[in-house]
Amino acid sequence: ILGRNAALLDGGLDAWTGPLERGAPETRAVVHKAEPWPDNSVAGADDVQQHLADGGLVVDARAAERYRGEFEPVDPRPGHIPGAVNLPFTDLLRDGSLRSDVRDILEERGIDSTTIAYCGSGVSACLEVLAAESVGLGRPRLYIGSWSGWSSEPLRPAALGDEQ
């Protein structure tokens, strides 16, 4: 996403089958030019609002209790972005790895490259973006501000319960 090669080990360190090394390898300083996030990879709050107005899909990756506003441990107010649907990122995992049927789950919800995903702070939704891209459904955009950004703006609406 930032013009750098990266990899993610599905299943974490326990899934690694090669030898493990201890200690830090010898390193040398490297200078990289900062690159902006590509516009087609991220969305701002106004983009989310317009996407919903245009009938687009916005997915909230938080736990259902946070989505419904029953529990809010971090942000200034509970709830979710009106019009967003809930797909907790944990529903895509089994034993620390992506479920074998993750493509079916995402397709059933209509998630593809036109979707915008968000969570509490922009981290957990990355799993939904990664999962969709890894199974060939394209890369959804990430609303980096997520619920923390949205809910900190008092004039932005919030929905409670299962209402969209």
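- Under the 4.0 Å criterion applied to side-chain N and carboxylate O atoms, Arg66 and Asp75 are assigned as salt-bridge partners.
- Note that SG of Cys126 is 4.5 Å distant from CG of Leu142, once rounded to the nearest 0.5 Å.
- Between Tyr143 and Trp150, the ring planes lie perpendicular to each other; the angle is over 60°, past the 30° to 60° tilted range.
- With contacts defined as side-chain heavy-atom distances shorter than 4.5 Å, the pair His80/Asn86 does not qualify.
- Checked by atom type and distance alone, the side chain of Arg77 pairs as donor or acceptor with a backbone atom of Ser151 at under 3.5 Å.
- Under the 4.0 Å criterion applied to side-chain N and carboxylate O atoms, Arg156 and Asp46 are assigned as salt-bridge partners.
- Environment of CG in Asp54: crowded, with over 12 heavy atoms of neighbouring residues, nucleotides or ligands closer than 6.0 Å.
- Nearest heavy-atom pair across Asp162 and Arg68 is OD1-CD, 3.1 Å.
- Not one N or O on the side chain of Tyr67 forms a donor-acceptor pair closer than 3.5 Å with the backbone of Ala61.
- Between the side chain of His51 and the backbone N or O of Leu57, at least one donor-acceptor pair lies under 3.5 Å.
- You'll find the side chain of Ile111 reaches within 4.5 Å of the side chain of Pro140, heavy atoms only.
- The heavy-atom pair separating Thr115 from Gly110 by the smallest distance is OG1-O, 3.8 Å.
- Of the inter-residue distances, the one linking Leu137 atom CG with Arg139 atom CZ reads 13.5 Å to the nearest 0.5 angstrom.
- Of the inter-residue distances, the one linking Arg99 atom CZ with Thr90 atom OG1 reads 10.0 Å to the nearest 0.5 angstrom.
- A distance of 6.0 Å separates CD of Glu70 from CD of Glu65, quoted to the nearest 0.5 Å.
- Val48 is listed as a side-chain neighbour of Ile81, based on a closest heavy-atom distance under 4.5 Å.
- For the residue pair Pro82 and Pro157, the shortest heavy atom distance occurs at CD-O, 3.3 Å.
- With Ser146 contributing its side chain and Cys119 its backbone, the two residues share a donor-acceptor pair below 3.5 Å.
- Leu93 places a side-chain heavy atom less than 4.5 Å from the side chain of Leu127.
- Glu72 has a carboxylate O that lies under 4.0 Å from a charged side-chain N of Arg62, or vice versa, which qualifies the two as a salt bridge.
- Of all heavy-atom pairs between Ala43 and Ile116, the closest is CB-CD1, 3.9 Å.
- Atom CG of Leu106 and atom CG of Leu92 lie 5.5 Å apart (nearest 0.5 Å).
- Judged by distance alone, with hydrogens and angles left aside, the side-chain atoms of Ser148 form a donor-acceptor pair with the main-chain N or O of Gly120 at under 3.5 Å.
- Here the CD-CD1 distance, from Glu128 to Ile105, works out to 10.0 Å after rounding to the nearest 0.5 Å.
- Here the side chains of Asp60 and Leu87 are not in contact, with every heavy-atom distance at 4.5 Å or above.
- Side-chain contact between Val135 and Val102 is present, with at least one heavy-atom pair separated by less than 4.5 Å.
- Ile144 and Trp147 end up in different hydrophobic clusters when Ile, Leu, Val, Met, Phe, Trp and Tyr side chains are linked at under 4.5 Å.
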Before you tell me yes or no, could you show the steps for Ser97 and Asp95 under side-chain hydrogen bond (donor to acceptor under 3.5 Å, both in side chains), namely the whole-Å CA-CA distance, both residues' side-chain angles and the distance that decides it to 0.1 Å? CA-CA 6 Å; Ser97 295; Asp95 299 325; over 6 Å; no

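- Leu20 is listed as a side-chain neighbour of Leu13, based on a closest heavy-atom distance under 4.5 Å.
- Looking at heavy atoms from C-beta onward, Leu98 lies in side-chain contact with Ser134 at the 4.5 angstrom threshold.
- Considering all non-hydrogen atoms of both residues, Trp16 and Pro19 come closest at NE1-O, 3.2 Å.
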